[in-house]
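Below is one structure; the comments refer to it alone.
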There are 2 protein chains.
Amino acid sequence: MKKISSRFSMAVHILSLIALSPSSSTSDVIAGSVQTNPVIIRRIIGQLKKAGLVGVRAGVGGTYLLKELDEITLLDLYKAVEVVEDDELFNFHDHPNPKCPVGANIESVFRTKMLQAQSAMEQELAQVTLDQLVSELTEKMAHK
Amino acid sequence: MKKISSRFSMAVHILSLIALSPSSSTSDVIAGSVQTNPVIIRRIIGQLKKAGLVGVRAGVGGTYLLKELDEITLLDLYKAVEVVEDDELFNFHDHPNPKCPVGANIESVFRTKMLQAQSAMEQELAQVTLDQLVSELTEKMAHK
DNA sequence: TTTCTTATAACCAATATGGTTACAACAAGT
DNA sequence: ACTTGTTGTAACCATATTGGTTATAAGAAA
């Protein structure tokens with residue numbers, strides 16, 4: 001991976017739209033703002049639904065929040081869209097040589113350090129609520 | 001990307017080996033501990049060399065450190081192996097609709113937050129020197 | 001019943017990844 | 001000089017992820 005999937009940024013974009021104009025929240029309208037295919041939007045909304053963040057009006061169309069804006073953090077979205085496998089951001093090469101003292105012990109040392117680094121990042125994401133983010137967004141929109 | 005490439009973990013493994021037994025530091029021996037192809041090792045060492053962290057004895061074989069162990073951090077290795085593109089961990093979907101107020105402003109808000117999160121992670125990596133890591137490693141090796 | 005919508009399957013092209021084989025160039029020892 | 005062990009690359013390859021597309025079944029309202 002060169003980068004964490006844009007599913008995450010799209011999820012943030014999507015939820016911002018839903019928060020600001022819940023009336024026009026069909027995958028088609030949202031796709032118009034994100035500028036991608038409606039199916040992509042539905043797939044992401046499907047993941048947000050699975051995570052219990054939103055509900056979808058089947059048949060009639062549209063998505064609504066299941067939590068307050070200040071109860072949803074960027075970390076919630078990050079986890080919901082599953083951009084990282086097994087909750088481990090850093091990959092570790094498989095089966096280093098157990099007969100080599102370094103090979104036998106490097107994994108646990110490495111993993112410990114990486115979990116710390118990853119956790120520092122996730123804590124930052126956890127500190128930003130959608131409430132805050134949408135506020136900053138509307139601020140910028142007004143400032144135009 | 002589901003995970004950050006194992007090139008990073010291999011780089012840490014490789015430098016630990018070089019630090020602990022500089023005498024046996026050919027790509028073949030290292031590949032034996034990492035349990036991969038020597039070419040993979042050489043490619044990574046090539047990146048470490050480009051970053052000015054190590055030197056290579058052409059022809060005769062072997063790699064040596066160009067800096068002290070306490071002058072090399074995990075962040076140095078992370079940057080050296082280029083596991084992330086353009087120094088931006090988080091991807092952002094391209095060209096959201098500029099005619100939509102949200103589409104026009106979401107990118108700058110998102111990017112700001114992501115740079116903060118990414119920076120928190122990198123700071124953690126910057127705080128770990130190879131010196132520390134190798135110490136922990138030898139500790140574990142002795143504790144056998 | 002018609003219409004708009006969601007959910008999902010089945011593809012696809014582009015790219016990253018880790019691996020492999022092959023070969024030129026280099027430096028030492030003999 | 002020649003042989004040997006090594007590095008540096010190029011050229012491939014299989015696999016997986018990504019973002020996208022088309023097509024279709026099914027739900028809910030007018």
Side-chain angles (χ1 to χ4, degrees), chain A residues 1-14 18 22-32 34-51 54-64 81-86 88-96, chain B residues 1-11 13-14 17-18 22-32 34-51 54-64 81-86 88-96:
Chain A
M1 132 197 151
K2 286 292 185 173
K3 281 179 188 303
I4 286 173
S5 166
S6 61
R7 278 205 301 284
F8 179 39
S9 66
M10 288 196 247
V12 174
H13 188 157
I14 291 169
I18 295 172
S23 50
S24 55
S25 58
T26 65
S27 64
D28 226 65
V29 171
I30 294 174
V34 176
Q35 297 224 104
T36 182
N37 196 294
V39 174
I40 302 288
I41 303 296
R42 274 182 240 141
R43 287 209 273 239
I44 293 171
I45 288 178
Q47 295 186 290
L48 300 177
K49 196 172 66 171
K50 207 171 74 180
V54 302
V56 174
R57 281 179 288 269
V60 56
T63 305
Y64 50 92
V81 293
E82 298 171 55
V83 284
V84 161
E85 199 173 38
D86 300 321
E88 293 215 335
L89 178 58
F90 295 88
N91 208 345
F92 184 81
H93 52 290
D94 0 80
H95 43 261
Chain B
M1 136 200 156
K2 286 288 186 174
K3 280 180 188 304
I4 286 173
S5 166
S6 61
R7 275 205 303 284
F8 180 39
S9 66
M10 288 198 247
H13 188 155
I14 291 169
L17 286 170
I18 295 172
S23 50
S24 55
S25 57
T26 65
S27 64
D28 225 66
V29 172
I30 295 174
V34 176
Q35 296 224 103
T36 182
N37 195 293
V39 174
I40 303 288
I41 304 296
R42 275 181 242 147
R43 288 209 271 239
I44 294 172
I45 288 180
Q47 294 186 290
L48 300 177
K49 196 171 67 170
K50 208 170 75 179
V54 303
V56 174
R57 280 179 289 272
V60 57
T63 305
Y64 51 91
V81 293
E82 300 172 53
V83 284
V84 161
E85 198 173 39
D86 299 322
E88 293 216 334
L89 179 58
F90 295 90
N91 209 345
F92 183 82
H93 52 289
D94 357 82
H95 42 262

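We use all heavy atoms of the structure for the numbers below, so side chains are in, but hydrogens, waters and symmetry mates are not.
- Here the side chains of A/Lys3 and B/Asp86 are in contact, with some heavy-atom distance below 4.5 Å.
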For nucleotides 7-15 of chain D, which of its nitrogen or oxygen atoms have a protein nitrogen or oxygen under 3.5 Å away, and what is each distance?
unit_1, atom_1, unit_2, atom_2, d
D/dT7, OP1, B/Ser27, N, 3.2
D/dT7, OP1, B/Gly62, N, 3.3
D/dT7, OP2, B/Ser27, N, 3.4
D/dT7, OP2, B/Ser27, OG, 2.6
D/dG8, OP1, B/Lys49, NZ, 2.4
D/dG8, N7, B/Arg42, NH1, 2.9
D/dG8, O6, B/Arg42, NH1, 2.9
D/dT9, O4, B/Arg42, NH1, 3.4
D/dA11, N6, B/Arg43, NH1, 3.3

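- Across the helix from C/dT1-D/dA30 to C/dT30-D/dA1, the helix axis at one end is tilted relative to the axis at the other end by 10° (nearest 10 degrees, each axis from five pairs).
- One atom, CD of A/Gln47, and another, C1' of D/dT18, lie 13 Å apart when rounded to the nearest Å.
- For the pair B/Ile4 CD1 and C/dG18 P, the computed distance is 12 Å after rounding to whole Å.
- Taking atom CG of residue A/Asn37 and atom P of nucleotide C/dT6, one finds them 12 Å apart after rounding to whole Å.
- Between A/Lys50 and A/Glu82, at least one side-chain N (NZ, or NE/NH1/NH2) sits under 4.0 Å from a carboxylate O, which counts as a salt bridge.
- If you take CD1 of B/Ile44 and P of C/dT17, they are 11 Å apart, rounded to a whole angstrom.
- Residues B/Arg7 and A/His93 are not in side-chain contact: their nearest non-hydrogen atoms beyond the backbone lie 4.5 Å or more apart.
- Between A/His13 and the options A/Val34, A/Ile30, A/Ile18, a side chain to side chain contact (heavy atoms under 4.5 Å, CB included) holds for only A/Val34.
- Side-chain atoms of B/Val84 and A/Lys2, non-hydrogen and from C-beta on, never get closer than 4.5 Å to each other.
- For the pair A/His93 NE2 and C/dG19 P, the computed distance is 10 Å after rounding to whole Å.
- Checking the phosphate oxygens (OP1, OP2) of C/dG19, a side-chain nitrogen or oxygen of B/Thr36 falls inside 4.0 Å.
- With a 4.5 Å cut-off on side-chain heavy atoms, B/Val29 and B/Thr26 count as touching.
- Taking 4.0 angstrom as the limit, A/Ser6 places none of its side-chain polar atoms (N or O) nearer than this to OP1 or OP2 of D/dT18.
- Between A/Glu82 atom CD and D/dT18 atom C1' there is a gap of 15 Å when expressed in whole angstrom units.
- Set against D/dT21, C/dA16, C/dT20, the side chain of A/Ile40 has D/dT21 as its closest nucleotide.
- Contact record, A/Ser5 with A/Val83: CB-CG1, 3.7 Å, taken as the closest heavy-atom pair.
- With contacts defined as side-chain heavy-atom distances shorter than 4.5 Å, the pair B/Ser9/A/Phe92 qualifies.
- C/dT17 atom P lies 9 Å from atom CD of B/Glu85, rounded to whole Å.
- Between A/Ile4 and A/Leu89 the shortest heavy-atom distance is CD1-CD1, 4.2 Å.
- One atom, CG of B/Asn91, and another, P of D/dG20, lie 10 Å apart when rounded to the nearest Å.
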